Amino acid sequence: MEIIQLYTLLLIGVLSIGGFAYNRNVARASVRALRQSGPAETRWHSHPNYHGYLTGWSVALVGFGLFIIFNLVFPNQVALQTVSILLGTSLAGLLVFKKIAPAFPARIYTERFIKTTLLALSGLAILTTFGIVFSLIFESLRFFADVPLFDFLTGLKWSPQTAVRSDQIGSSGAFGAVPVLLGTFIIMAIAIGVAGPVGLMIAIYLSEYASRRMRAIVKPIIEILAGIPTVVFGFFALLTVGPAIRNLTDALGIAVPTQSALSAGVVMGVMIIPLISSLSDDVINAVPRSLRDGAYALGATKSETMKQVIFPSALPGIMAAFLLAISRAIGETMIVVMAAGRAANLTGNPFESVTTVTVQIVALLTGGPEFDSTKTLAAFALGLVLFAITLILNIIALRTVRKYREVSLA
Amino acid sequence: ADGGPESVETENSIRVVGSSTVYPFSTKVAQEFRNKTGWNVVVESTGSGGGHRAFCEGIGPNTPDVTSSSRPQKPSESKLCQSNGIENVVEIKIGYDGIVVANAIDSPSMDMNLSTLYLGLAKLVPNANCEMVENPYETWNEIDPSLPDTKIEVYGPSPTSGTRDAFVEISMEGGAKTLDCLANLGSDDFRVAAHTLREDGHWIDSGENDNALVQTLINTPTAIGVFGYSFLDQNTDKVKGARINGAEPTFENIATGHYPVARSLYVYVKGDKMGSVPGLHDFAMEFVSDEASAPGGYLEKIGLVPLMPSERLDMREAVAHLSASNL
Amino acid sequence: MNVSQHMSDKARKHLKSRYAKERRFRFYGLSAVLFAIASLGWLLLSLFATGLTAFQEHYVTLEAEMTVSAFAPPDQRSVETLRIADYKSIVENAIEAKFPDVRTAGEKDLLFALISESGATDHLRKRVVRNPDIIGSKIVMTVPTSDQVDQLLKGHIDRNVPEARRQISDQQILWLDDLRARGAIKKKFNSILFFNPDSRDPELAGIASAAVGSVMIVIIAFILALPIGVGAAIYLDEFAPRNRLRDWVEININNLAAVPSIIFGLLGLAVFINIFGFQRSIPLVGGMVLALRAFPTIVIATRAALRSVSPAMVDGALSLGASHVQAVFQQKVPQAMPGILTGSIVSMALVLGETAPLLMIGMVAFVTEIPTTVTDPATALPVQIFLWSESPERAWSERTAAAILILLAILMTMNALAIWLRSRLGKRR
Amino acid sequence: MTDKIKFKCRNVRVQYGDLEALHGIDIDIADRGVTAFIGPSGCGKSTFLRAFNRMNETIGGAKFSGQILMDGEDIYDPSLDPVLLRARVGMVFQKPNPFPKSIYDNVAYGPRIHGLTETQAELDSLVEKSLRRAGLWEEVKDRLTEQGTDLSGGQQQRLVIARAIAISPEVILMDEPASALDPIATARLEALIEELKTRYCIIIVTHSMAQAARVSDKTAFFYEGDLIEYDDTEKIFTNPDNQRTQDYITGRTG
Amino acid sequence: MTDKIKFKCRNVRVQYGDLEALHGIDIDIADRGVTAFIGPSGCGKSTFLRAFNRMNETIGGAKFSGQILMDGEDIYDPSLDPVLLRARVGMVFQKPNPFPKSIYDNVAYGPRIHGLTETQAELDSLVEKSLRRAGLWEEVKDRLTEQGTDLSGGQQQRLVIARAIAISPEVILMDEPASALDPIATARLEALIEELKTRYCIIIVTHSMAQAARVSDKTAFFYEGDLIEYDDTEKIFTNPDNQRTQDYITGRTG
Ligand SMILES: Nc1ncnc2c1ncn2[C@@H]1O[C@H](COP(=O)(O)OP(=O)(O)OP(=O)(O)O)[C@@H](O)[C@H]1O
Ligand SMILES: Nc1ncnc2c1ncn2[C@@H]1O[C@H](COP(=O)(O)OP(=O)(O)OP(=O)(O)O)[C@@H](O)[C@H]1O
Ligand SMILES: [Mg+2]
Ligand SMILES: [Mg+2]
C-alpha cells in the first residue's frame, strides 16, 4: 500500500514536470513563430517559462489535492485514485495549454500561486500553535471532568495513582498540582539564581572590561554551553554534580540525596548562562554611547557607570532576558527527569528531591500507550499549565527584547 | 502504476509491551531471538496493566503482539481482549520472581513482617481502638522499635505495574490479615483497607523504570524501594533486600516458597496474529526453550527463577500445539 | 589658584575605596566568566574521564572446537538450522579447555561468566553462517569479555572491596589474571560501540540503531522544516501586508521558538499518534514533531539573513523590470542563502540533541534491529543516552559518556560546518 | 526645444505617510536629451525621479496622485503592469549596485527575464553590444566571468548602465550616478551620458551644479517639494528667473 | 592674552588604528575664557577635545602620543588617574545626554560618586547652586523629581552643564553643544557660556563661525589633523594669516 502511494506521488511529480516542459515549449515555439512572422511589435506578457511553471503548479496542485482527498475520504480506492489523478491533472494541463497566448499573464498567475503557497507555509506557524492549544485543551477538559480545575490548581497532594482496571482497588489518586508547581519553582529559582548573576556579569565583563581578543575567544566558548543537548547536562548532573554536592554536604553534615533540587537547578543554571549573557549583552550594547560618555566625563569609574547609569536603563531588557530564561528553566525536561527525582515533596528545601511539571509529564506518559485514564490526561493538564505559563513569560519578554533588538539594529 | 507488487499485510517487527519486571527478560529473549532468526523485536516497558490494556486494544497492525505481565491476566482484561475481537491469547508462564523491599547497601538492614509493611504503607490503619484512621506513622520505628528512626519513604511501582498488584495482594493483604482488628471488617471494607496505599507522600510511584529506582535508592540512603527480585540479583553490589517474615530474599527461598512475597511471571501472545506476524510463533517458543528458561539458561543468569521442569514442558507443549492448530 | 577639591586627601581616600569597588566588580565579572568556562571544562572533563575508556574493550581469545554434534546433520543444514545450533556448549568447552582443572558445575558457571555469552555465541553463529565449512575444525575466536570483567580490567571495579560488594568473585579474578598472564586477554578498539545496535548486555551495546534513527529524524525534520521555515520567513518579510495579523504571526513564531520542547511532544502524541493514527516509536513521527520544533528557529534565522541583504539588489532587479517575486527569489534569497543554511544547520543540531518530545511519542524502546525505513521502530541518539544512563550496571555509565562524546562530536562538526559555510559563502560577495 | 515630448506630468503629488514630499509638479520632458533635476537635499528630486518608473510603489507607505503620461499613455493606469513599465524605463542608482554575479550575467539578467533572446549567440552579442555602448567592453571583454562586484566603482556604474541598456529601454533615470565616483570616473560617466543622450531620454538627479551644467540640456530646480524653475540649462545657470534658483546655484542656500 | 596657561600641548598625535587623526598639535590654552576649535568636518576637533580629559581612552583602538600639561602636570602620566582628571575637566556633548534619572539625581550623580558632600542638606544646596549657575534653577525647582530626559533639548543641555559644574571642574569641554538646539536655546546657552567663562577654562568645538566669533576669546582652526592657525578670535575672523583659514571662514571650503 505504501509503495503504491509512493508511485502515485512520483507520478504526480512526473506529470507536473512533463506539463511544465510541454507547455513551455509550446509557448516558446509560438514566441518564435510570432517573431519570425513579421516585425509586429507585440510583446508577450510573460516569458514562455511562466506558461510552463503555471502548468507545473496547477498539475501538482490538482494532483496532490486529489491524492490527499482520496487518502482521507476513500483510503483504499487505488485504481480510482490513479484514474482521477490522471484525468484531473490532464485537465489542468489542458486548461493552461488553451490559454497560451501573448496577452495571457501567466507570470502573474504563477506568482499568485507562489505567494499563496508561501502564505500557506506561514499559516503553518499559526496552525502549530492552534494544534498545541487545541490538543492540550481538548485532553485537559476531559481531565477536568474528573478532577475539578480548582482542586487541580490548589491541591496540596500529588499522587497520580488511579486504578487502571475496574476491579483494581487502587487509590483514588490525588491530583493537586501545588507540590509539582512548587518543585518546578524551586528548581527554576536555583537555576536563575546561578544563571542570572553569572550570565549578567559575563555580559558586563565582556562588553566593558574584556579586550576584543578575549571577547572573541570567550564568547564562543560560552556559547558552546548553549549547544550541548540537555540530556548531556542531565547525565552530568546525575553522574558528576549530584555526587559532588552530596560529598560536599556530607562533609558539612547534611544528608543530601544525589537527586536533589540543588544539583538539577545548578546544572540547569549553567545551561542557561549563555541565554542570559547573550541577551543581556545585546541589551547593554543597545544603551546609547552618549550615556556612557556622560558618566565617564563626570569621572565615574567603569563599574559606577555600569551600575548606576547603564544597568538602570538596560533594566527592562535585562528583565526580559530573565523572563525568557525563566520560561526556559520551567520547560526544561531532561535535566530534571534525570537529576531531580520524582518525589512530589511539598517542600521549599533545595536539598530534597522534588519533582517538576515536566518530570511528571514524562512519568505519566512514558510507557503507557493507553489514552483515557485520568493519569494520562493529567499529563496534558500539566502540559497546558506549562504552556500557559511559558506563553505569558515569552510574550512579555519577546516584546521587550524586540524593542532592544531594533534599537541596536538602528 | 500497476507495477507495484500487491503487498501482503505483514509487519516487519514484533512488538512487545508490558511489565517492567519482565522487561529485562523480554529484551534478553528479543536479543537472542534476533540473533538466531533475524526478526526485529521492539520492546517497550509499559507496566503489566498498561501492557494488557494496549495488548487488548485490538488486532490491527499497530497493536502489540506480545505483552508480558508479572501477574496473571485479570478477568476484566481478558474480557476487554474478547470484546475487541482477540480470541486466541496464549498465556506462557516463564518463571517466578520475588518482590523485594530493598534499600541501599550502606543503609541499615531492615527486618520486617508483612504487618509492618501494611502498617507503614496502607492509607487506612487501625488505631489503638481498632478504628480505621488515616495512617499516622511517619517513621519506621514508630511501627516497630527495632527498625531505624528514618522517615517512611517508599518508592514503589505504579498501578500499571503487575508488581504493584502482586505486592498489594500478597504483602499488604497478607499483612492486613495478620491484624486482628481488621478481621472484623466486612470483605469489601477489608479489601479497600488492605489494597489502598497511602497518598500522603510516603509512598511514591516510581514509574516503570526499575533501573532509575535502584539509582534513587543509592542516592537516597533513607529510601526504600519495592521491585522485582531479578533487579536485586543484578544489583547486589548496590542494594540489599529486607528480610520479610524472617526470610532473606534469595533464589532458593523464592523457589522453595520460604520468602513470602513471590509470584509468577507471564508472557501473553496474540495467537490471532501468528499468521500475519512471521516469527511471532518462534518468538513465543524462544521463551520456553531450554536455552532461555531451563536452569542454567540465559534468563536464570539474569535473575529469573525458573519453572519446575514439568511445568516448563507443559508450557512448551501448549505453545508448540498452538502452532499446529493455527498455521 | 586654590588646589581643586578633587586633589584633597579626603578625595584621594574616597577614590581609593572607589577603586576597591571597581576592582571587586571587575573580579566578579571575571569570576563569572571563569565559572562558566570552568563549568564547561568540568562537564567535558568528566565526560572524557568517564567515557574515554569505553572506546576500548577487553577481548578474550579462545580456541573453539566446532564439534559436529552441535549442528544439525549435514543434509539438514540451512541458514535457519545453522543459526540455532548449540553454540553455547562450544563456547563453554572452549573456555573450560583453558582451565582443565575446573570440574564442578558451579565453578564452570563462574568461569563461563567471564566472557560475554551472547557475544561469544553470536560471534560463532555469524562465522558459521558465513562459512559452514568451519564445522568440525578448530578455530580461534576473539570475543568480548563480560561487562563485569571488562570493568574490572579497566580498574572501574576495585579488586580490594569485599567480595560481597562486587559482582565478580575472587576466584574469577584469579582466573582472569591467569588468562591475562597467558596472553589470552587483549584490549582493543571497541568497534561494537559504533556498529552494533542496542543490547541488553553493555559489552555488546552499540549506538548504530540509535544513530540511524537520529539521522532519519534529522533528515525528515530538515526536509519538512526548511521549506516551511524559509517559505514563512520570505512571506512575512517580503509579501505579507504590514498589519496586525502579520505582527501577530511574528510574535507567534518567536513564541513557538521558545515553547518548551516537551509541549511539542504532547502535540505529536495527541495529533500524529492519536488522531492521525501513526505508529508509535517511528522516526517519521519523530521527524515531523521535531520539524515543528525546528521551523520557528529557521524562520528567525532566515529573516535575519534576508534583512542583511542590501535592498539595492532588489531595487536593481526591480528597475530592470523584474517582478517583486523575481527580485526576491533571484536576488535576495540566493544572497541570503549562507545565512539561511547556517541557521538551518544550527536548528538541525537542535533537532539532533532533542530528547523530551521523543519520549512522548514512544521512541524509548528496546530495538534490536537497525531501522531501514522511516516507519521502522527506532530510537534516537539522545534517547539512547537517556536509556543507558538509567541502566544500573556500572559498565553503562562509561558507555553513556562515550555515546555523549560521539553525539557532541557530531554536533561540533555540524556547527563547524555552519561556521565554515558562513565564511565560505559569505566571502564571495 | 522643438523635440517631441516623452513625459507629460500633471499635478504630481507623492506622500510618504503624512509627509507630502511633492506638492503637485507639472513638467514636460523631452524625448531625447538630458534633463537634470537639481535642488537642495530633501527637496524631492529622488522621489520625483522614482515616480517615472513607479519605483515609489516598492516603498511601503508611498502614495502617488496626479498623472504621468509616457508617450501619451498613463503610466499609473491600474491595468498597466509596472514590471513592463520598468522594462521601458531603466534606472541607475547613486551607489552602483551590480548583482553578485559575473559581469556577463549582470548584463544578461534583464534579457533573460524578459526572454529577449532565443539563442546563446544572440545573448552574447546583446551583452557585447550593451557593454560597448556603456563604454566598458574594452575593459572587461577578457574577464566576463569575473564578479561584477570586483570592478572599480566607476566600472561598476558603467556596468549597471550596460545592464539597463541591455533591455532596450526608452528612458534612463539616473539618481546622482556620479556621487560615489572619483573625478576621472565621473568624467568618463559624463562622456557616456553625452553619447547616450542621442538615443535615450535621460533624466539625471545631481548635486553638482557643474555636472548639471555640463551634461544637461534642460534643468529643473526643485525646492521643498515644488518645482521652482524649469528651463534650458544655459538659461538656468546664467540668468534664472527666480531668486531662489539664483541663490541655490550661486551656493548661497542649500 | 596675558592670562595664565592652563594646558600646554606638545606634539599631540592621536591614532585610530591605522588612521592618524591628529598629526602633532602644539597649543597653549588659557586658564580663563573660552577657546573655540573650528574646522571642517573630520578635521580632528572632537578628537583633540577628547584628549583633554582622556576620553579617547574609552574608545577601543585610540592611541595617544605627545604631551598635554595641565597646570604643569602631565595628564597622560600613567600614575595620573583618568577618573580624577575627568572630575577636574568636565565635558558637555553635542547631543544632550541626561541620565534616565530624576533632574536632582542627574546633578547629584557626580557629587555622589566623588563623595563631595557629607549630608543631604549639603547635597541639596550643591544641586541648587549648580542648577542656578547653569541658569536652570528657576525652570526646574518645582520638578526636581521628574526625569531629566523629559526636559526640552535646551534645558537638557543646561542640565548636563549643571551636572558637570556640580563637581567643581576647572575646565569645561564642549563638543558642538548647540548643534542640537533651536536658536532660542542656543542664545541662552551662549549667554551661559559667557557667564561661566569667568570661572572656568572653557574649550568649545563649533561648526558655526558666528558662534565661535560670538563666544570665544581665542580660536583655533584645524584642517585635516593639523592646527593651521591659533590666535585671538577677532584676528582670526577679520584678518587671518593663513589662506586656508580665510577660505574656511568665508565659506569657500568645508
Ligand atoms: N521612504 C521614505 N519614507 C518617508 N519619507 C521619505 C522617504 N524617502 C524620502 N522621504 C522624504 O521625502 C522628502 C524628499 O526626499 P527625497 O529623497 O526625494 O529628496 P532628495 O531631493 O532626493 O534629497 P537628496 O538630495 O538628499 O537625495 C524628504 O523629506 C525625505 O525625508
Ligand atoms: N572612534 C573612531 N574610530 C576611528 N576613527 C575615528 C573615530 N572617531 C573619529 N575618527 C576619525 O578621526 C578623524 C577625526 O574625527 P573627529 O571626530 O575628531 O573630527 P571632527 O573634527 O570632530 O569632525 P565633526 O565636525 O564631523 O565632528 C576623522 O577622520 C574620523 O573619521
Ligand atoms: Mg535623493
Ligand atoms: Mg566632532
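Owing to the predicted nature of the structure, the values given are computational and were not obtained by experimental measurement. Letters A, B, ... mirror the listed sequences (proteins, then strands); counts begin at 1.
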Asker: Side chain from CB out, backbone as N, CA, C, O: work out which of these in B:Lys238 comes under 4.5 Å of a heavy atom of chain C, or both, or neither.
Answerer: side chain
Asker: Considering only heavy atoms from C-beta outward, does the side chain of C:Arg83 approach that of B:Thr37 to under 4.5 Å?
Answerer: no
Asker: For the residue pair C:Ser281 and B:Glu44, what are the closest heavy atoms and their distance?
Answerer: OG-OE1, 3.7 Å
Asker: Output yes when C:Glu80 and B:Lys36 qualify as a salt bridge under the 4.0 Å nitrogen-oxygen rule, no when they do not.
Answerer: no
Asker: Could you please state which residues from residues 143-154 of chain C sit under 4.5 angstrom from chain B, measuring non-hydrogen atom to non-hydrogen atom, sorted by number, or 'none'?
Answerer: none
Asker: For the CG atom of B:Asp290 and the CG atom of C:Asp86, what is their distance to the nearest 0.5 Å?
Answerer: 10.0 Å
Asker: Look at the side chain of B:Thr27 and the backbone N and O of C:Arg200, then say whether any donor-acceptor pair between them is shorter than 3.5 Å.
Answerer: no
Asker: By the disulfide (SG to SG under 2.5 Å) test, which pairs, at least two apart or in different chains, include something from residues 19-52 of chain B?
Answerer: none
Asker: How long is the straight-line distance from CZ of C:Phe366 back to OG of B:Ser45, given to the nearest 0.5 Å?
Answerer: 12.5 Å
Asker: Please list, chain by chain and in numerical order, all residues satisfying ring-ring contact (aromatic ring centres under 6.0 Å, His included) with B:Phe287, sequence neighbours excluded.
Answerer: B:Phe283
Asker: Heavy-atom pairs under 4.5 Å with chain B - which of C:Asp122, C:Thr121, C:Leu82 has more of them than the others?
Answerer: C:Asp122
Asker: Can you tell which part of C:Asp376 gets under 4.5 Å to a heavy atom of chain B, answering side chain, backbone, both or neither?
Answerer: side chain
Asker: Pick one of side chain, backbone, both or neither for C:Phe112, based on which atoms fall under 4.5 Å of a heavy atom in chain B.
Answerer: side chain
Asker: Heavy-atom distance under 4.5 Å to chain B: side chain of C:Pro197, backbone, both or neither?
Answerer: side chain
Asker: Under 4.5 Å heavy-atom distance to chain B, tell me which part of C:Ile370 shows up: side chain, backbone, both or neither.
Answerer: neither
Asker: Let me confirm one number: the CD-CD1 distance from C:Glu117 to B:Ile302, rounded to the nearest 0.5 Å.
Answerer: 10.0 Å
Asker: With a 4.0 Å cut-off on N to O distance, would you call C:Lys88 and B:Glu291 a salt bridge?
Answerer: no
Asker: Assess the side chains of C:Thr368 and B:Gln31: does a donor N or O sit below 3.5 Å from an acceptor N or O?
Answerer: no
Asker: Can you sort out the partners of B:Tyr229 under ring-ring contact (aromatic ring centres under 6.0 Å, His included), two or more places apart, ordered by chain and number?
Answerer: none
Asker: How far apart are the C-alpha atoms of C:Asp201 and B:Lys28, what are their side-chain angles, what is the distance that settles it, and do they pass the salt bridge (Lys or Arg N to Asp or Glu O under 4.0 Å) test?
Answerer: CA-CA 8 Å; C:Asp201 309 302; B:Lys28 182 74 181 174; 3.1 Å; yes
Asker: Side chain from CB out, backbone as N, CA, C, O: work out which of these in B:Asp233 comes under 4.5 Å of a heavy atom of chain C, or both, or neither.
Answerer: backbone
Asker: Could you tell me whether a side-chain N or O of B:Asn40 sits under 3.5 Å from a main-chain N or O of C:Glu369, the two making a donor and an acceptor?
Answerer: yes
